[in-house]
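Heavy atoms only: backbone and side chains are in, while hydrogens, waters and symmetry mates are out. FYI, the numbering just counts along the sequence from 1.
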Amino acid sequence: MTSSISAWIWSERFWLPENVSWADLEHPPPGVEYPRVGQVLYAMPLAFFVFLLRLLFERLVAKPCARILQIQAGVPRRAQPNVVLERLYQSKMCPDTRQLEGLSKQLDWDVRKIQRWFRIRRNQDRPSTQKKFCESMWRFTFYLGIFFYAIRHLWVSPWMWDTRHCWYNFPFQPISPGQYNYYIAELAFYWSLMFSQFTDIRRKDFTVMLVHHMATIILITFSYANNMLRAGTLVMCVHDASDIFLEAAKLANYAKYQRLCDGLFVVFSISFFLTRLVIYPFWIVYSVLFESWEIVGPYQAWWLFNGLLLVLQTLHIIWFYLITRIAIKAIFKGKVSKDDRSDIESSSDEENCSSCSKNPSQTLKSKDSRNLNGETHDH
C-alpha cells in the first residue's frame with residue numbers, strides 16, 4: 001500500500017513531460033548532476049540553524065544598533081494581577097458590553113476600571129519598537145545578502161538575458177552549486193519564517209502571510225523536484241529585490257528618520273511595481289506560460305506550477321493596492337502612513353474595542369491618523 005501511494009505521489013505522468021521518466025534523471029552523464037527530491041530535506045535542519053542564527057544576530061548585532069540609534073526597548077506598565085480577567089483575556093482580548101457588565105458584578109469593579117485593565121494588559125503584550133527594529137534588521141540583512149548572491153550567480157547565466165534558455169533541453173538541465181545553495185538557503189529561510197511566525201509579533205495579516213509562506217515553500221520545493229531551477233531562481237530574485245527597500249524603510253521609521261523613511265518607501269513602491277507587476281508577469285510568467293509551451297509542451301505538473309505563479313501574482317496585485325493607498329495618504333499628509341499589509345493584531349483589536357464607544361466617523365479618523373511605526377507593523 002505504501003509503495004502504491006508513493007507511486008501515485010511521484011507519478012511520472014504528472015511530474016514529467018511526455019517520454020521522460022525518473023530513471024532518465026537518475027543516471028546523468030559523467031560530471032553532471034540533476035536535482036534530487038530528497039535534497040530539499042536538508043532545508044529542514046538548516047531552517048533550525050537559520051532561526052538560531054537570527055536569535056544571535058538580533059542579540060549581538062541588531063540590539064546594539066538599536067541602542068546606538070537610541071531605540072529603547074521600553075518597559076510597559078503591567079496590569080494588576082487578576083485570575084478572572086486574565087483567564088478571559090487569554091481567550092478574548094476585547095470583551096463585549098455584556099461580558100464587561102458580568103465582570104463588573106462578579107468582581108465588584110467599575111466597568112471603566114475593567115476596560116482600563118484590559119487596555120493596560122493589551123499594551124503589556126505589545127512589542128517594543130526595539131523588538132520590531134531587530135526583526136526588520138534581520139530580514140533586511142538576509143534579503144540584501146541573498147539578493148546579491150543571486151545576482152552574482154545569475155549575471156553569468158544565459159537564462160537571465162534570454163528566458164528561452166530556461167526550457168532548452170528541459171528537464172535534462174544540470175544543477176550548479178550556486179543554484180543548489182541559493183535554493184536551499186531560500187527554502188530554509190521561509191521554513192524558519194513559518195516557525196517563527198507563531199512566536200514573532202502577531203500581525204493582522206497573519207493568515208495571509210501564513211498562506212504566502214506555505215505557497216512559497218510549495219513553489220520552491222515543487223520547482224526543485226521538477227528541475228525548473230532556472231525559472232525558479234528568477235522568481236526568487238525578483239521577489240527579494242523589493243523586500244530590501246521595504247525592510248529598510250521600516251528601519252528608518254523605527255529610528256524616526258522620517259524623510260529617509262519616506263524616500264525609501266517611494267523607492268520600495270517603484271521597485272515593487274517594476275519587479276512584481278512588470279518583470280514578474282511579463283517576463284517570467286510569460287516565459288513559463290508561453291515559451292515553455294512552445295519548447296517543452298504542457299503536462300500536468302506544468303499546469304500546477306503556472307497556477308501557483310498566478311496565485312502569487314494575485315497576492316502582488318492585492319498588496320500593491322494597499323501600497324497605493326499608503327502612497328495616496330502620503331501625498332495628502334506629507335509623510336508615509338502605516339503599512340496596511342502588516343498591522344499588529346493587537347492594534348486592530350484595540351481599535352475594534354474602542355470603536356464600540358465611538359461613532360463611525362471618529363473610528364475612521366483615528367485609523368487614518370496612525371503612521372508606519374510603533375503600533376503597526378511584511379514579505
Side-chain angles (χ1 to χ4, degrees), residues 58 63 66-67 69-136 196-209 250 253-256 258 261 326 329 333 335-378:
E58 290 184 356
K63 279 189 178 180
R67 295 192 190 102
L69 294 171
Q70 298 182 346
I71 302 174
Q72 302 300 323
V75 180
R77 179 183 173 188
R78 304 193 69 83
Q80 175 184 344
N82 188 292
V83 177
V84 175
L85 296 180
E86 183 66 30
R87 187 184 303 116
L88 177 61
Y89 176 83
Q90 295 302 324
S91 60
K92 190 171 184 180
M93 298 171 65
C94 297
D96 55 34
T97 303
R98 182 180 59 82
Q99 290 172 318
L100 288 172
E101 291 174 352
L103 290 169
S104 178
K105 293 178 181 178
Q106 181 180 355
L107 299 174
D108 195 24
W109 282 18
D110 184 75
V111 171
R112 292 182 62 84
K113 183 178 180 181
I114 298 173
Q115 290 176 322
R116 189 180 308 114
W117 187 95
F118 275 91
R119 183 172 63 253
I120 295 172
R121 186 65 181 84
R122 288 191 297 270
N123 289 336
Q124 184 178 319
D125 283 350
R126 185 168 296 157
S128 66
T129 303
Q130 185 183 99
K131 180 174 176 58
K132 291 181 285 186
F133 177 89
C134 292
E135 283 188 17
S136 287
S196 63
Q197 192 170 0
F198 295 93
T199 59
D200 284 346
I201 303 166
R202 189 172 180 86
R203 319 293 186 189
K204 282 173 62 177
D205 64 350
F206 176 87
T207 304
V208 175
M209 292 308 298
K250 290 179 185 179
N253 188 64
Y254 297 145
K256 297 184 180 180
Q258 189 62 49
C261 172
I326 299 172
K329 291 178 183 178
K333 294 186 178 183
K335 66 178 182 178
V336 173
S337 181
K338 67 184 180 70
D339 183 354
D340 285 344
R341 291 195 316 165
S342 314
D343 285 357
I344 293 176
E345 187 117 281
S346 58
S347 294
S348 175
D349 291 338
E350 185 157 347
E351 280 179 7
N352 293 336
C353 293
S354 62
S355 65
C356 294
S357 59
K358 296 181 181 179
N359 61 47
S361 61
Q362 289 175 317
T363 303
L364 180 62
K365 183 177 179 181
S366 68
K367 289 175 73 174
D368 286 343
S369 66
R370 294 173 299 161
N371 58 27
L372 180 68
N373 81 350
E375 314 300 318
T376 58
H377 164 87
D378 143 38

Any Glu86 side-chain heavy atom under 4.5 Å of Pro81 side chain: no
Pairs meeting criterion salt bridge (charged side-chain N to carboxylate O under 4.0 Å, His left out) with involvement of residues 94-103, two or more places apart: Lys92-Asp96
Closest contact, heavy atoms only, Pro95 versus Leu88: CB-CD2, 4.0 Å
Partner set under side-chain contact (heavy atoms from CB on, under 4.5 Å) for Asp108, not counting sequence neighbours: none
Partner set under side-chain contact (heavy atoms from CB on, under 4.5 Å) for Asn82, not counting sequence neighbours: Val84, Leu85, Leu107, Trp109, Trp117
With sequence neighbours excluded, residues passing side-chain hydrogen bond (donor to acceptor under 3.5 Å, both in side chains) with Gln106: none
Sequence-distant partners of Gln70, side-chain contact (heavy atoms from CB on, under 4.5 Å), two or more places apart: none
Side chain to side chain, Glu135 and Glu58, heavy atoms closer than 4.5 Å: yes
Spacing of CG belonging to Leu100 relative to CZ belonging to Arg112, to within rounding of 0.5 Å: 12.0 Å
Spacing of Leu69 atom CG and Gln130 atom CD [to the nearest 0.5 Å]: 10.5 Å
Parallel, tilted or perpendicular: rings of Phe133 and Tyr254 (30°, 60°): perpendicular
